[in-house]
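Quick note: numbers below take in every heavy atom, side chains included, and nothing from hydrogens, waters or symmetry partners. All of these numbers come straight from a predicted model, not from anything done at the bench.
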Amino acid sequence: MEKIQLKATKMVPELRNLSYERRLQRLELISLEQRRLRGQLIETFKYLNGLNNVTLERLFERDCNVRTRNNGKRPFGVSILYMGWDRRHGYQLYQSDPSGNYSGWKATCIGNSSSAAVSILKQEYKDDLTVHKAQLLALRTLHKTLDITKLTHEKVELATLMRTDGTTKLHVLDADQVSALIKEHEAIEAEEEKKKQEKAGGSGSSSSKKD
């Protein structure tokens, strides 16, 4: 379509020597890419203001299609996580990959050591987790998979997606909130390590008595 419009604008004699952008301006037209963008903005506005019944999955599917159109516009090797809420399915999490494919998840991870992180989430994620416990699980997963010895608020950013007064809001936790969660996580880890050592010590004493 863009090529057809480009050739059509050249058919106007007095505009032939102008650039494509200038021809569009003189004819008061916009490019196909701009029309697509305008359409996406209109759909997004309708969705955010509850003016249609488009689901999150439909929006993500459209985004994946657009990003892989025209010879692969998405940067090579890039995956993206999307989260959102709609009236039909509630809270949702989707992952897209460079091929344009996407999948829905309850909990997942992308990036370095993502396989190990996903393995932890599969074992420990439960549908009845509270937001607070989910935040602690996120920290636990990061702590076990990131190549760092200690979590700090400078290295970790946490956010929650919540419904408040009929509005979906993204809340980014501040440094104090992240630090408090990290402190709680470290206390839980220390308690678990203490129990492991006590159990190992008890097993050793029992074996010595049998010998």
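Within the 4.5 Å cutoff, no side-chain heavy atoms of E157 are placed close to those of V178. Two residues are said to be in side-chain contact when any heavy atoms from C-beta on lie closer than 4.5 Å; Q95 and W105 meet this criterion. Contact of the T160 side chain with the Q135 side chain is registered, since non-hydrogen atoms from C-beta on lie closer than 4.5 Å. Within the 4.5 Å cutoff, no side-chain heavy atoms of K106 are placed close to those of L93.
The two atoms that bring W85 and L161 nearest to each other are N-CD2, 4.3 Å, heavy atoms only. Nearest heavy atom pair, residue R88 against residue D86, reads N-OD1, 3.0 Å. Smallest separation of non-hydrogen atoms from L81 and I110: CG-CD1, 3.9 Å. Minimum interatomic distance between Y82 and S96 (heavy atoms only, all atoms of both residues): CE1-OG, 3.3 Å. For I188 against L136, the heavy-atom pair with the smallest separation is CD1-CD1, 4.0 Å.
Within 6.0 Å of CZ in R163 there are more than 12 heavy atoms belonging to other residues, nucleotides or ligands.
Under the 3.5 Å distance criterion, the side-chain polar atoms of T141 are matched with a main-chain donor or acceptor of L137. Remark: the backbone N or O of G90 is paired with a side-chain donor or acceptor of Q92 at under 3.5 angstrom. Not a single donor-acceptor pair under 3.5 Å links the side chain of S113 to the backbone N or O of A116. S114 contributes a side-chain N or O that, together with a main-chain N or O of G111, makes up a donor-acceptor pair within less than 3.5 Å. Using modelled atom types, one side-chain atom of T130 and one backbone atom of K133 make a donor-acceptor pair closer than 3.5 Å.
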**Prompt:** Should H143 and K150 be marked as a side-chain contact (heavy atoms from CB on, under 4.5 Å) after you check the CA-CA gap, both sets of side-chain angles, and the distance that decides it?
**Reply:** CA-CA 8 Å; H143 190 201; K150 183 177 176 61; over 6 Å; no
**Request:** Using the side-chain contact (heavy atoms from CB on, under 4.5 Å) rule, take E184 and E189 through it: C-alpha gap first, then chi angles, then the decisive distance, then the call.
**Result:** CA-CA 9 Å; E184 183 177 352; E189 291 286 302; over 6 Å; no
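L158 is not connected to L129 by any chain of hydrophobic side-chain contacts under 4.5 Å among Ile, Leu, Val, Met, Phe, Trp and Tyr, and they are in different clusters. Side-chain heavy atoms closer than 4.5 Å link hydrophobic residues (I, L, V, M, F, W, Y) into clusters, and following such links, even through other members, never connects L173 to M162. Put simply, Y91 and L170 are part of the same group of oily side chains (I, L, V, M, F, W, Y) that touch within less than 4.5 Å, one to the next. I148 is connected to L181 through a chain of hydrophobic side-chain contacts under 4.5 Å among Ile, Leu, Val, Met, Phe, Trp and Tyr, so both are in one cluster. In this structure, V118 is a member of the same hydrophobic cluster as M83, with clusters built from ILVMFWY side-chain heavy atoms closer than 4.5 Å.
None of Q197, E191, K195 except one satisfies the side chain to side chain contact (heavy atoms under 4.5 Å, CB included) rule with E193; the exception is Q197.
Judged purely by distance below 3.5 Å, without hydrogens or angles, the side chains of H153 and S179 pair a donor atom with an acceptor atom.
Salt bridge present: E192 and R140 bring a charged side-chain N and a carboxylate O closer than 4.0 Å.
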